[in-house]
Amino acid sequence: MGMFRDNPVLSRELLVNLRSHRAFVLQFVYAGILAIAVLLAWPNVDDGRLGASVTAARQLFDLFFFGQFILVALVAPTFAAGSITGEKERKTYELLLASPLHPSWILVGKLLSSLAYLVLLLASSLPMMILGYLLGGILLSEVARAYLVLILAAGTFGLVSLAASSYFARTSSALVVSYLIILPLVIVSLYLASTDDITLRNFVSVVLLPPWAVAVWSIVIGLINLRLLRPPDVGSEGKEVVDEEEEQKYAIGVVIDRDLFPDKLFAPAKRTDLMPDGTNPVLEKELRSEIFSQGTLMLRVVIQVSMFLSIPLMAGFLFWRPLPGWYICYVLTFNLLVGPVFSSGSITQERERQTMNLLLTTLLTPGRIVRAKLLAALRVSTVLTLLLTEQVILAYALVRDLQLQFWTIIPYFLIILATCLMTSSVGLMWSSLVRKTSVAMIATYLSLMLMFVLPVGIYRWSLSVAQGVQDQVLRWILVPSPYAAAMSVKIVGDRPTSLGGDIQPIERPLAGIDVSIWVVSLALFLAISLLCHIVTLIAFRYRWWKARESV
Amino acid sequence: MKSNGSDATESHELTDSAFRVADLMLWVLAIGLAAGMTKRHMDESAMAFRLNAHPPLSVWTRLVIGHSLSSFAVVFGLSRLILALRDRRNRVTFGSWLWSVIGLYVPLHVLASVLWALTNTVLRPVLSGSRPASVPITETVSRVALMTFGQACFDELAWMLAAIWIVTASLKGVVQFAGEIEAGDSGIARQDVAVSIFTGLAIFATVFQRILESLGY
C-alpha cells in the first residue's frame with residue numbers, strides 16, 4: 001500500500017495536476033456538456049410515464065458509452081505519453097532514476113497520476129448515466145459493465161502510452177505511436193460494442209476483456225519496469241542525435257534505408273556534400289537532419305502499424321464490399337494522427353533549443369523559413385499517408401464495381417492531399433503561436449479533432465433534435481469534416497442493405513448550391529490551410545520584428 | 001556553388017529480423033492482389049455456381065490458395081527479376097534467379113491456359129466429329145499430343161522449363177552460381193530461405209487442398 005500512499009511521484013503529480021484551476025474548469029465544462037446532452041435528449045413525455053421512453057434511454061446510454069470511450073482513447077495518451085518523455089525533455093529523468101525509488105513506484109506514480117484526472121472525469125458522468133437508468137430499458141448491471149470497460153480501457157491505453165513514453169525521447173513521438181497502437185484496439189472494441197447481440201456484448205465485456213486486459217497490463221508493466229531498470233537512453237547528454245547505422249544493426253521489423261525508394265521520399269539521406277545554389281537551407285536541414293535526428297524508431301513503428309492495420313481494412317472495405325469511403329476515412333485518421341507530429345514542433349523546438357534568435361538573425365526571410373518548415377512537414381506526412389493508398393489503386397484496378405466508376409478515385413485523392421495540407425498547416429500555426437512543443441501538439445490535435453469529428457456528431461445529433469429542418473440544409477454542418485467529405489463521394493454498387501441501399505443521404509447535394517459536400521469541403525480545406533499559413537507568417541514576422549528591435 | 005547532389009550513404013545489409021519499407025509495400029500489394037483476384041473470381045457466374053453446388057471448403061481453399069500463391073509469386077518474382085536485370089553488373093544470386101523463374105512462370109502458365117482453352121474451343125468440333133476407327137494417324141498423334149498437353153503436370157512442367165530457359169538466357173553471362181555464396185552473406189541466405197518457404201508452402205497447400213477434396217469437403 002505504501003506504493004500508493006507514500007509514493008512521492010504520485011503525490012507530486014497529483015498536487016501539480018489536480019490543484020490547478022484548469023482541472024476544475026475542465027471538469028465543470030465536461031459535466032456541463034453532458035448535462036446539456038441529457039437535457040436535449042430527454043423525451044417529452046406528457047403523462048409523466050418515464051418508462052415509456054425505452055428507446056430514448058437506450059440512445060442516451062449508447063451516446064454516453066461511445067462518447068466516453070472515444071474520450072478515454074483520445075485523452076489517456078495525452079496525459080500518459082508525456083509523463084516520462086516530459087522528464088527527459090526537462091532533463092530531470094536521470095535525477096528521477098538516480099533516486100532511491102524502485103522503478104515500479106515510479107511506474108505506479110506516473111500511471112495513476114496520468115489516469116487520476118481521467119477517472120475523475122468518468123466518475124463525474126456517472127450521475128448523468130444513472131438518469132438514463134431512470135427512463136427504463138437499461139439494467140444497473142449494464143451501467144456497471146460499461147464503467148468496467150471504460151476503466152479497463154483507460155488502464156490499457158494509459159499503460160500503452162506510458163510504455164511509448166519510456167521508449168521515446170520526445171513526447172510527440174510517444175503520443176503518435178500510442179495513438180496508432182490504440183487505434184486498432186478502439187476499432188475492434190467499438191465494433192464489438194455496437195453489435196446487437198447482447199450475449200456477445202456481455203461475454204466480451206465480462207468474460208473476455210478483463211483477463212486479456214490484465215495479461216496486456218502485466219506484459220506492458222514488465223516492459224516498462226525493464227526499461228526503467230536498465231535505461232539505454234541515460235547519459236546521453238550532448239549525444240542526442242542517434243547514429244542510424246548503429247540503430248539499423250539492431251533493428252527488428254521494418255528499417256529505413258534512406259537511399260532506397262520509397263524511403264528517400266520521406267527521409268532523404270543526410271547530405272555530406274555542398275548544397276546546390278538556390279537551395280533553401282532550412283528545408284534541407286529539416287528534411288535531412290532535423291525530423292529524424294532522434295532516430296527512426298517512431299517512423300518505423302508508425303509505418304508498420306499502419307500498414308498491418310490497412311490489410312484487414314482493405315479486405316473489408318475495398319474488396320469484400322466496395323466501400324472505399326470507409327477506407328479513405330482510415331487513411332485520413334492516419335494523417336490526422338501523424339501529420340501534426342512533423343509540423344507542430346517545427347518552430348517550438350527552435351525555441352526550446354534556443355536556436356530561434358539565431359535563425360532569425362540569418363539572411364533568410366521569415367516567409368522562406370516558414371515555407372521550408374511547412375514543406376518539410378508536408379512532404380513527410382503526405383508521403384507516409386500516400387503509402388496507404390497503394391491499396392486503393394489496387395482495388396480500383398481489380399474490383400469491377402469500382403472500375404465502372406474509376407473517376408471517383410480523383411476526389412478521394414484530392415481529399416487526402418487537401419487534408420494533408422490542412423493538418424500540417426494547422427500544426428505549424430500552433431507551433432508559431434505557443435511556446436512549448438507539447439502544448440502546440442495537444443492544441444493541434446484538439447483543433448483537428450474538433451474539425452474531423454465534431455461536425456459528424458452535431459449532424460447526427462441535429463437529425464434527431466432539429467425536427468422540421470430539411471436534411472439537405474443540415475448537411476451543411478458536415479462540410480468542415482474530412483470524414484464527411486470522403487463519405488460524400490458517390491459510389492454506386494454492391495452496398496450492404498444495412499447502409500440503406502445504393503445512394504446514401506450524405507452523397508446527395510447540399511441545399512442552395514446543388515453540389516456534393518466534398519467539393520465545398522475541398523475549397524474549405526484549402527482556405528483553412530491558407531488562413532493558417534497567413535497566421536503563421538504574421539506570428540513569425542512578429543517575432544522577427546521583436547528580435548530586430550532587440551538587436 | 002556547384003554540387004553533384006548525390007547522397008553519400010549506401011544501403012546496408014539487413015539483419016535476419018529486419019526488412020525494408022519497399023518489401024512491406026510488396027507484401028501488401030501481394031495480399032491485395034490475392035484478395036482482389038479471389039473476389040473477382042468468386043463473383044464470376046461459373047465459380048458462384050461451383051461455390052453453391054459443390055462441397056464449398058475444397059472450392060474455397062482452391063480459390064484462396066491458388067490466388068494467394070499466384071499473387072505472391074507474381075509480385076515477388078517480377079520485382080526480383082526487375083532488380084536482377086537492373087543490377088546486371090552486380091552478382092545475380094540464386095535466390096533472385098529462382099524467384100525470377102517463379103515470377104515469370106505464373107504469367108506464362110496463365111497465358112498457356114488461355115491459349116489451350118482457345119485451341120480446345122476451335123478443335124473440339126473437329127475431334128468430336130471423327131470416328132476413332134477411321135481417324136488418320138496424324139490426327140491421332142495431334143489429338144494425343146493435345147490431350148497430353150492439357151494434362152496439368154506436363155503443362156506446368158513444360159512452362160516451368162520455358163520460364164527457366166528464358167530467365168537463364170536473359171541473364172546469360174551474369175549468372176555465376178559457383179562461389180557466389182560467401183560466408184556470412186545474410187542477404188543471399190535470406191533470399192534462399194524465402195524461396196524455400198514459398199516452394200514448401202506451394203507444395204503443402206496443394207497437398208492440403210487435394211486431401212480436402214478427396215475427403216469430400
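Each chain gets a letter, A, B and so on, in the order the sequences are listed, and its residues count up from 1. All of these numbers come straight from a predicted model, not from anything done at the bench.
How far CG of A:Leu387 is from CE of B:Met25: 5.0 Å, rounded to the nearest 0.5 Å. If you take CG on B:Leu24 and OG on A:Ser306, they are separated by 8.0 Å, rounding to the nearest 0.5 Å. The CD1 atom of B:Ile31 sits 10.0 Å away from atom CE of A:Met307, with the distance rounded to the nearest 0.5 Å. Separating the CZ atom in A:Arg321 from the NZ atom in B:Lys39 is a distance of 7.5 Å, to the nearest 0.5 Å.
Nearest heavy-atom pair across A:Pro262 and B:Val21 is CG-CG1, 3.8 Å. Annotation for B:Gly32 and A:Phe319: closest pair O-CZ, 3.3 Å, computed over non-hydrogen atoms. Across all non-hydrogen atoms, the minimal contact from B:Leu33 to A:Leu394 is N-CD2, 3.3 Å.
In this structure, the portion of A:Gln403 lying under 4.5 Å from any heavy atom of chain B is its side chain and not its backbone. Residue A:Ile303 touches chain B through both its backbone and its side chain, counting heavy-atom pairs closer than 4.5 Å.
Other residues, nucleotides and ligands contribute only 12 or fewer heavy atoms inside 6.0 Å of the CE atom of B:Met37.
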